[in-house]
Each structure stands twice: as structure tokens, then as C-alpha cells.
Peer 1: 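Before anything else, here's the structure in question.
Note: hydrogens, waters and symmetry copies are ignored here, and every other heavy atom, side chains too, is used. Treat the numbers as computed from the prediction; the structure is a model and nothing was measured.
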Amino acid sequence: MISHDDHLARILAAAPAPRVERLAVSGGSLLGRVLAADVRSAVELPAFTNSAMDGYAVHSADVNEPCELPVVGDIAAGDTRSLSCEPGSTWRIMTGAPMPEGADAVVPVELTDGGVERVRFEAAATPGNHIRHAGEDVRVGDLLLPRGTHVAPHHVAVLASSGVAQVDVVARPRVVVVSTGDELRAAGSELAHGQIHDSNGPMLAALVEAAGAQLVEQVHLPDDARAVSQLLERAVESADVVITTGGVSAGAFDVVKEALIDAGDVTFDKVAMQPGKPQGFGLLGERRVPVFTLPGNPMSTLVSFHVFVLPTLDAMGGRPPRECERAVVERGWTSPPGRAQFARVAVRRDGSGRLVVHPNSRQGSHHLGELAEANALALVPADVDVVQADDELDIQMLLTKE
Ligand SMILES: Nc1nc2c(c(=O)[nH]1)N[C@H]1C(S)=C(S)[C@@H](COP(=O)(O)OP(=O)(O)OC[C@H]3O[C@@H](n4cnc5c(N)ncnc54)[C@H](O)[C@@H]3O)O[C@H]1N2
Ligand code: MOO
């Protein structure tokens, strides 16, 4: 058996580099995407010196005490004329409108009588007041957003304000999910004795989306090696990753293994972990598409996704590895000797702020009745077979919505 760390290291060494695609800044599709390159400003902001208030643009020297001036005209936001303000005159000006040449202050309308042809100023103007200067916020060449930024709505504002219409982002890996097994029926179907509902397919589809990748297809196949081969041949033409579940252990109908064992590039291993022992991974087709063949027991699929598939999707999606945290065990449990255990646990902060771990009481690969109480996996090292209260373990949070 190999360790899960070694298995993951092999997978990550083989995983393809992130793909880049160009997306429009408008339309909302940039949200949550990862920038593939630094974005620097090609413009300065503000682009022109403008008024911060609705009021009057003046030479401050003209208004050093209450007085009256003739109003030359109005300057609205969006006015594209090049205007100047002669000494002894004023322009009525709106917030965001370009300052006329020569004026060095804006007097807010509230401090005047609001006149249209002549205006009376009730107080002295302060030089520089209420003016937003060209380039005071952003200079040409400033770094707006670094590569790797996970785009949030406020980042979109930075890009759009700077006139950026499109940016390069890391493409979301396109994923095909395949569940195999004659016993499987779609959720909601009537079951005959011996049949079960396919839970891995829907779960993997949700995990793929929660990981920030893109589900392109979720298929169920019977225990038929030819059907598996045909589907895989088709899937690797356009998908970036294929995930199968079931059919990889030692049974007479383990058709995924049968379909791939002679394909050359997929290796089947026993990994020293519980759940998730039988694992297959390889690169298929001309595009060398990563194919994960995960074991069919539902908890084996869940754990295998978090331990092997998620770090791969993160790497392909340009995301940094997820952090592990340490947490303290509240109540002990046993773990299979010689295999690292990924136990389903509920993690919470206690009164003193420590992260504490409470295990699901059943940890079999098929037990999911208590799963809704869990929010993390706790890693029990292979050389530990009894976990005791107050032990510290690494924990990985279960994926929730992106
Ligand atoms: N003789 C041996 N038997 C088994 C071994 C072994 O080493 N020697 N390993 C066991 C371990 S550990 C695991 S894990 C499973 C893995 O089996 P497969 O990947 O071949 O999966 P299946 O046999 O197809 O199914 C296992 C189990 O899971 C249920 N299942 C499968 N797919 C789904 C699905 N989409 N949704 C819900 N449940 C699913 C299936 O009905 C079986 O109960 O092998 C052990 N056996
Ligand atoms: O490895 Mo299996 O996933 O223990 O049941």
C-alpha cells in the first residue's frame, strides 16, 4: 500500500497547468474567478480634475469674504468642453463635472444663494476645497489587482473604473462525473430489492461546483466495461478532468478497472487510508486528461474527492492549496491500524476559542446517517489506532458552497 501523501504527490506532479481564458468585466461572469495575470492601470484616476460637490467653481482669491459674482454658465457631469474660468466670474458646477481651467476651489451650493445668473457667496472659499485632482487615486502602471486574485464584486469596480473591459482568468476545469453500477437508480426512482439510489453522482456533481470547477456532465453507466471505455473516450475529448466512482476493487464486476487496466496510463493502487483504499489515477487521451477512479462506497468517494481531487482542481484552477487546521479531540475513537483514517467530525470553537472535534459515532465507508452533523474530516495518522481525548489532529473542512 502507498501513503495518501505519495499518491497525491504523484497526481499533482501529473496534473496539467492551468488554462487561461478571457472574460468580460461586465455581466457578472467574473465573480469568483481567479486572475491569471497582474492587472495594471493604463489610465490615471480620476482621469481629469473634477468637482466633488454641486456648487460653484471659483478663483478662491475672488471669494475671501461674502460677495457676489456673475455666473458664466453650467458644467454638468459628462460635459466634454474645455472651459476656463476667468477671474471675477464663476461657473455653476455639478459633482463629477470637469473643473474649468483657472478655478481652484468649489463652493458648495448650500453656502450660496443658489443664483443662476449671479450668485451670492455667504462665506469665503478655501483654495483647493472640494476638488478631486487628476491622478490622485490611481497612476498609470499602478497594480490594480495581483495575479491569483479571487474576483469579488468590489474588484469588478476597480477594473471597470480603470477602463479594463476584459481580463485573463484561469479557466474553471470542466469535469465529467460518472457513477457505475447495475444496482444504481436515479434519486427518486422506485427501487427493487437489491437496488440503491445513486448518491455519489449527485454528491460529486455538487462537490465539483463547490470546488469552483465546472460540471459538464453527470452520467450513470451500468456494469459494462465497453460502455465505460466508450464514455471515457468521448469524455476526454472535451473535459479537463473525469471522475468515476465504483468498480475499482476486487469484485467480478469491477468494470472501471477492467476498462482501464490495459489502457496503459491509469494506475490502480491500494492507498493506506480509510475510507478510500482502492484508488486509480492516470492521464487519458491525446489531451492527457486526468482521470480519477474513486471507490464506490459513498464515504470513500467523499473522502477521496477531498484528499485527491480537490487539491488537483485547485492547482488546475490557479488556487492556492487549502489550509489545514489543528483541532483538539473531545471524545476518543478507534482507527484502523496501518491506514490513515479520515474521520467525519463536527468541528466547533469551544468557550476558550480552541477548535474541538466531535466524531460521527459510525465511521464505516457506507455510513452516512450522521453525515449532516459533520463539517470536517480529521486525519488520524496511520500509526495511531486509538485516538484519545485531548489529542490534536489535522482537520480539513468539508466543502460547502464556494
Ligand atoms: N475482496 C475485496 N473486496 C473489497 C475490497 C478489497 O480490497 N477486497 N475493498 C473494499 C473497499 S475498502 C472499498 S472502498 C470498496 C470499493 O469498491 P468499488 O470501488 O469496486 O465499488 P463498488 O463495488 O462498485 O461499490 C461499493 C459499494 O458502494 C456502493 N456504491 C457504488 N456506487 C455508488 C453510488 N454511485 N452511489 C451510492 N452507492 C454506491 C455499492 O452499491 C457498494 O455497496 O470495495 C470493498 N470491497
Ligand atoms: O477503503 Mo474502503 O473506502 O475503506 O471502504
Side-chain angles (χ1 to χ4, degrees), residues 4 32 175 177-181 183-191 195-213 215 218 220 243-246 273-277 279 292 294-311 313-314 322-336 339-351 353-380 387 389 391-402:
H4 65 276
V175 184
V177 165
V178 186
S179 22
T180 65
E183 75 279 27
L184 303 178
R185 290 293 173 272
S189 311
E190 293 265 326
L191 298 180
Q195 296 179 332
I196 63 168
H197 289 119
D198 175 5
S199 61
N200 290 342
M203 172 180 71
L204 283 170
L207 284 168
V208 163
E209 290 287 330
L215 178 78
Q218 181 205 320
H220 164 232
I243 310 170
T244 71
T245 72
M273 63 193 282
Q274 190 280 322
K277 184 178 66 173
Q279 296 287 339
F292 293 85
L294 308 184
N297 276 318
M299 295 306 95
S300 314
T301 306
L302 176 73
V303 166
S304 305
F305 183 94
H306 282 84
V307 177
F308 303 122
V309 184
L310 181 58
L313 292 178
D314 283 342
R322 294 177 199 239
E323 304 271 317
C324 255
E325 290 198 80
R326 300 281 286 173
V328 179
V329 171
E330 255 184 339
R331 168 169 74 71
W333 69 91
T334 57
S335 168
R339 286 159 84 184
Q341 186 192 39
F342 288 86
R344 279 96 65 194
V345 295
V347 173
R348 60 173 178 80
R349 282 203 190 273
D350 70 5
R354 292 183 321 170
L355 281 180
V356 293
V357 154
H358 186 84
N360 279 183
S361 60
R362 296 182 296 276
Q363 294 288 343
S365 311
H366 60 295
H367 287 137
L368 50 67
E370 290 173 279
L371 191 55
E373 288 161 29
N375 59 0
L377 299 173
L379 170 56
V380 182
V387 179
D391 283 355
E392 269 199 14
L393 297 175
D394 278 342
I395 54 155
Q396 179 180 359
M397 298 311 288
L398 290 173
L399 276 186
T400 52
K401 188 171 164 22
E402 241 237 307

Peer 1: Quick one: does Q341's side chain have a donor or acceptor within less than 3.5 Å of a partner on M273's backbone?
Peer 2: no
Peer 1: Check for a donor-acceptor pair, side chain of E373 on one end and backbone N or O of A346 on the other, with a separation under 3.5 Å.
Peer 2: no
Peer 1: Going by heavy atoms in the side chains, are R326 and D394 under 4.5 Å from each other?
Peer 2: yes
Peer 1: Spell out, as yes or no, whether a donor-acceptor pair under 3.5 Å connects the side chain of H306 to the backbone of L377.
Peer 2: no
Peer 1: Test side chain to side chain donor-acceptor pair (under 3.5 Å) on S179 and N200; report intermediate values, then the result.
Peer 2: CA-CA 7 Å; S179 22; N200 290 342; over 6 Å; no
Peer 1: Using ring centroids (six-membered ring only for Trp), state whether H4 and F342 fall under 6.0 Å.
Peer 2: yes
Peer 1: For the backbone of G353 and the side chain of R349, can you confirm whether one donor and one acceptor N or O come within less than 3.5 Å of each other?
Peer 2: yes
Peer 1: Using every non-hydrogen atom in the two residues, find where F305 and I243 come nearest and quote the distance to one decimal.
Peer 2: CE1-CD1, 4.0 Å
Peer 1: Just by distance, do the side chain of H197 and the backbone of S189 share a donor-acceptor pair under 3.5 Å?
Peer 2: yes
Peer 1: Which atom pair, heavy atoms only, marks the closest approach of L310 to A211?
Peer 2: CD1-CB, 3.6 Å
Peer 1: Are the side chain of Q279 and the backbone of P295 linked by a donor-acceptor contact shorter than 3.5 Å?
Peer 2: no
Peer 1: Is there a donor-acceptor contact under 3.5 Å linking the side chains of E370 and S361?
Peer 2: yes
Peer 1: What closest approach, in Å, do G276 and S304 show between heavy atoms, and which atom pair accounts for it?
Peer 2: CA-OG, 3.9 Å
Peer 1: For the residue pair D350 and V356, what are the closest heavy atoms and their distance?
Peer 2: OD2-CG1, 3.8 Å
Peer 1: With respect to L393, which candidate in V345, V329, L379, V347 satisfies the side-chain contact (heavy atoms from CB on, under 4.5 Å) definition?
Peer 2: V329
Peer 1: Let me know which of R354, H358, E330 forms a side-chain contact (heavy atoms from CB on, under 4.5 Å) with R348.
Peer 2: E330
Peer 1: Can you measure from CG (L302) to CG (L207) and round to the nearest 0.5 angstrom?
Peer 2: 6.5 Å
Peer 1: Does the distance from a Lys or Arg side-chain N to an Asp or Glu carboxylate O, for D198 and R185, drop under 4.0 Å?
Peer 2: no
Peer 1: To the nearest 0.5 angstrom, please state how far the CD atom of E209 sits from the CG atom of L399.
Peer 2: 11.5 Å
Peer 1: Closest approach of P359 and Q363, non-hydrogen atoms and distance?
Peer 2: CB-NE2, 4.1 Å
Peer 1: For N375, does its backbone N or O pair with a side-chain atom of R344 as donor and acceptor, under 3.5 Å?
Peer 2: no
